[in-house]
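To start, the structure under review is shown below, and the notes come after it.
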Amino acid sequence: MQQLKQSNTSDSGQAFRLIQDLKSRWGDFETDEQKARFYVQESYFYILKSESQKAQSPLRLLLQLPGVSEDSRLAAYSLLSQIYMSLNEYQKAFNYLFEGLSVTPKIQDRSLQFTSYYAAANIFVELGDYDAALEYVLKASDIAVAMNNNENQCYVKALVANIYLRQDRSINHDERLKESIEYCKGLNILVVDANLYKNLAQNYFNHGQLEKSELAYRAALKISADNGYQPDILKIKLGLARVYIETGEFQKAKVYIDEVLHKTEVQESGVSRKDATELMAKYYEKNNNYSEAYKALLELAIIQDKMLKEQADKNLAFQKVKYAHLDQDAQIKILDQKNKLLALTSQVEVQSKRNFQLLLVIVLTVLTGISLWLWRVKKQKERYQRLSQVDALTNTLNRRSALKLANDVHHNSLINDSRYCVIIFDLDYFKTVNDRFGHAMGDWVLKQVSDCVKERIRPVDVFGRLGGEEFIVILPQCMSEDAIKFIERCAKAFKEIEHAKLPSDFRITASFGVAEKSNGESLEELIIEADNAMYQAKRNGRNQVQVY
């Protein structure tokens, strides 16, 4: 079984042969616990191959075994949470996550405690909650250090480096990544080695070191080819394609892009398909094939919309499960407090009347504590609900919330037979800001632009970020002439944005598209019209307004 565990992270072919061999000798397993350990490793094999449907079956069989330990059940919970995340069945994923985390501190097996915390950290990375991810990966790190387990410490170092890279790509993480690569060298954990080199290549790319980026991607590709896990290979090839687009080696880039797009693993919408489609659009644009570039961008928009919906569903499922567990914990704590209160009451009744005042103080203290705790839970719940509606960077409405309020405006306009305007605008040459001054400056510009708009809208207006540098504004009870005046005020404010790191002659501009509801148009039609008008404004030279 130990040989299979090692093969899972170094040689997928050997791991598959060991699985088949162990299945043929099923009768040699003497206990349910031995079978459970095999099921865990078989499931992990399919997880690494991104075959999530196959990964479920062994764990279902494990949970049906009557003589299986709580340790093995915890291992199953950890893996099931990862599997259901990949299948977009978020409610099940988070239920298993919290179920596992609730029993983890009670488990004696430190290696299983490590696995549980490490799996939780990975799920929080998927959610984009990097603070929670760091909290759990550091718990896993403490266990790995206490056990003096070099392999687990390698896993932790790689994940920590990945979290910091995702958190802020404007910072150079070269030193941390190289330190992790050096630590993991010789441990034969090829999955981690490939991922570290891939992240190092991404870090080089973020800072314009394209030659180093290509070499790091090449190293990652060689390692992934040795371990045979196709999902890693596809992501690395997309990284190489991105480098070749920047270096002008377009045909090399297209070979990798075509290869990825034709793989069955990326036929459904996902990160690899989104990245490949985005790179294909850039390839066509660089080759002046604007019609094909436009088709690729349309497909990219569809993929991004689907991914945004999945992310929103994921966040909603997380909040539901989290607060269900919080409510459950609250009920248990309340019952505990009530039991303590009854015990105290019974004792006081036996005592003399001199203790009555003491009892009253205790009762009031307990009830006040319960009330305060419940109030804090309620406030925290309200805070998370607000956060789920707001774009974290700009503190404006996110796409889902903005479109929901826009639907309300549209519904009211139908009832009142009134007009309203849809404005979509996109910052001009925003990529130049990121390329010249870094992503941190790009984020600052987005926040400043958002603040300019928020200072000029009315309480009834709707303003939100659609994604990237694209925003939407809904102006109820307005005609296109009013919308143009509003845009002129915003455009003037954009140009007046200044920063010490920006050249004095640098001005922030945007292209605006306006659509007015005058007859029976649907909200979706108006958004499409405003979007088309915005693109026409860009084609006309940018920094202007186009009314549909």
Side-chain angles (χ1 to χ4, degrees), residues 245-246 274 277-305 308 391 394 396 399 402-403 406 421-437 439 441-443 445-450 452-453 456 463-475 480-481 483-497 502-503 505-516 521 524-548:
I245 289 286
E246 293 298 318
K274 177 187 78 68
T277 306
E278 183 178 6
L279 287 172
M280 185 64 83
K282 287 186 178 180
Y283 166 80
Y284 284 128
E285 181 185 359
K286 297 286 187 182
N287 286 274
N288 299 324
N289 190 343
Y290 297 113
S291 62
E292 290 298 326
Y294 180 69
K295 290 179 184 177
L297 286 172
L298 288 178
E299 183 179 354
L300 177 63
I302 294 170
I303 296 170
Q304 288 176 324
D305 283 345
L308 283 170
D391 175 63
T394 61
T396 62
R399 181 189 185 96
L403 294 180
C421 286
V422 175
I423 300 172
I424 291 182
F425 70 90
D426 187 279
L427 299 185
D428 297 330
Y429 304 111
F430 183 74
K431 187 176 182 296
T432 303
V433 177
N434 285 330
D435 291 347
R436 289 178 62 188
F437 309 110
H439 288 274
M441 179 60 73
D443 289 348
V445 168
L446 290 173
K447 293 175 186 175
Q448 294 299 309
V449 166
S450 299
C452 287
V453 177
R456 285 159 182 81
F463 173 49
R465 183 184 180 193
L466 294 178
E469 62 270 27
E470 189 175 13
F471 297 84
I472 187 170
V473 182
I474 309 294
L475 301 177
S480 56
E481 294 84 357
I484 291 173
K485 292 177 182 177
F486 168 81
I487 289 169
E488 289 172 351
R489 293 195 297 272
C490 291
K492 182 175 182 297
F494 293 175
K495 292 179 180 178
E496 293 173 353
I497 294 172
L502 293 173
D505 60 343
F506 188 91
R507 291 293 178 265
I508 298 166
T509 64
S511 299
F512 298 82
V514 180
E516 177 187 338
E521 301 95 330
E524 290 76 14
E525 290 171 336
L526 290 170
I527 290 175
I528 292 171
E529 290 172 1
D531 196 56
N532 290 336
M534 183 269 289
Y535 278 108
Q536 185 60 47
K538 284 190 175 291
R539 288 192 289 271
N540 290 345
R542 294 180 169 83
N543 188 23
Q544 57 185 273
V545 183
Q546 184 72 33
V547 179
Y548 186 85

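No hydrogens, no waters, no symmetry mates; every other heavy atom, side chains included, goes into these values.
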- Message: Take a 6.0 Å sphere around CZ of Phe430 and say whether it holds more than 12 heavy atoms from other residues, nucleotides or ligands.
- Response: yes
- Query: Do Phe506 and Val433 have side chains that get closer than 4.5 Å, going by heavy atoms?
  - Reply: yes
- Do Val514 and Val422 come within less than 4.5 Å of each other through their side chains, counting heavy atoms only? no
- Item | Contacts of type salt bridge (charged side-chain N to carboxylate O under 4.0 Å, His left out), residue Asp443, not counting sequence neighbours | none
- Task: Return the set of residues passing salt bridge (charged side-chain N to carboxylate O under 4.0 Å, His left out) with Glu469 (not counting sequence neighbours), or none when no residue passes.
- Result: none
Supply the atom-to-atom distance [X] [atom1] to [Y] [atom2], rounded to the nearest 0.5 angstrom.
| X | Y | atom1 | atom2 | result |
| --- | --- | --- | --- | --- |
| Arg507 | Leu502 | CZ | CG | 9.5 Å |
| Asn434 | His439 | CG | NE2 | 5.0 Å |
| Leu526 | Ile474 | CG | CD1 | 8.0 Å |
| Leu297 | Tyr535 | CG | OH | 6.5 Å |
| Lys282 | Thr277 | NZ | OG1 | 12.5 Å |

Taking side chain to side chain donor-acceptor pair (under 3.5 Å) as the test, write out the residues that go with [X], two or more places apart.
| X | result |
| --- | --- |
| Tyr283 | Gln251 |
| Ser450 | none |
| Tyr290 | Asn288 |
| Asn289 | Ser291 |

- Please, which pairs that meet salt bridge (charged side-chain N to carboxylate O under 4.0 Å, His left out) have at least one residue in residues 528-546, sequence neighbours excluded? Asp426-Lys538, Asp428-Lys538
- Task: Keeping to residues at least two apart or across chains, list the salt bridge (charged side-chain N to carboxylate O under 4.0 Å, His left out) pairs with something in residues 284-294.
- Result: Glu292-Lys295
- Message: Test side chain to side chain contact (heavy atoms under 4.5 Å, CB included) on Phe425 and Val545; report intermediate values, then the result.
- Response: CA-CA 9 Å; Phe425 70 90; Val545 183; over 6 Å; no
Checking [X] now: which residues fulfil side chain to side chain contact (heavy atoms under 4.5 Å, CB included) with it, not counting sequence neighbours?
| X | answer |
| --- | --- |
| Ala537 | Ser511, Gln544, Gln546 |
| Leu466 | Arg399, Ile424, Glu470, Ile472 |
| Ile497 | Trp444, Gln448, Val449, Cys452, Ile508 |

For the student: nearest non-hydrogen atoms of [X] and [Y], plus distance:
| X | Y | result |
| --- | --- | --- |
| Ser480 | Cys421 | N-SG, 3.5 Å |
| Ala515 | Ala530 | CB-N, 3.7 Å |
| Leu403 | Ile527 | CD2-CD1, 3.7 Å |
| Ala533 | Val547 | CB-C, 4.5 Å |

- Going through the distances and angles, do Asp305 and Ile303 end up as a side chain to side chain contact (heavy atoms under 4.5 Å, CB included)? CA-CA 5 Å; Asp305 283 345; Ile303 296 170; over 6 Å; no
Output a table of donor-acceptor pairs, distance under 3.5 Å, between side-chain atoms of residues 485-493 and any protein atom two or more places apart or on a different chain; print 'none' if there are none.
unit_1 : atom_1 : unit_2 : atom_2 : d
Lys492 : NZ     : Glu496 : OE2    : 2.7

- Decide side chain to side chain donor-acceptor pair (under 3.5 Å) for Gln536 and Asn532; before the verdict, give the C-alpha distance in whole Å, the side-chain angles of both, and the deciding distance to 0.1 Å. CA-CA 6 Å; Gln536 185 60 47; Asn532 290 336; over 6 Å; no
- Phe512 and Phe494 aromatic ring geometry - parallel, tilted or perpendicular at 30°/60° bounds: parallel
- Message: Between Asp435 and Thr432, does the side chain to side chain donor-acceptor pair (under 3.5 Å) criterion hold? Intermediate values first, please.
- Response: CA-CA 5 Å; Asp435 291 347; Thr432 303; over 6 Å; no
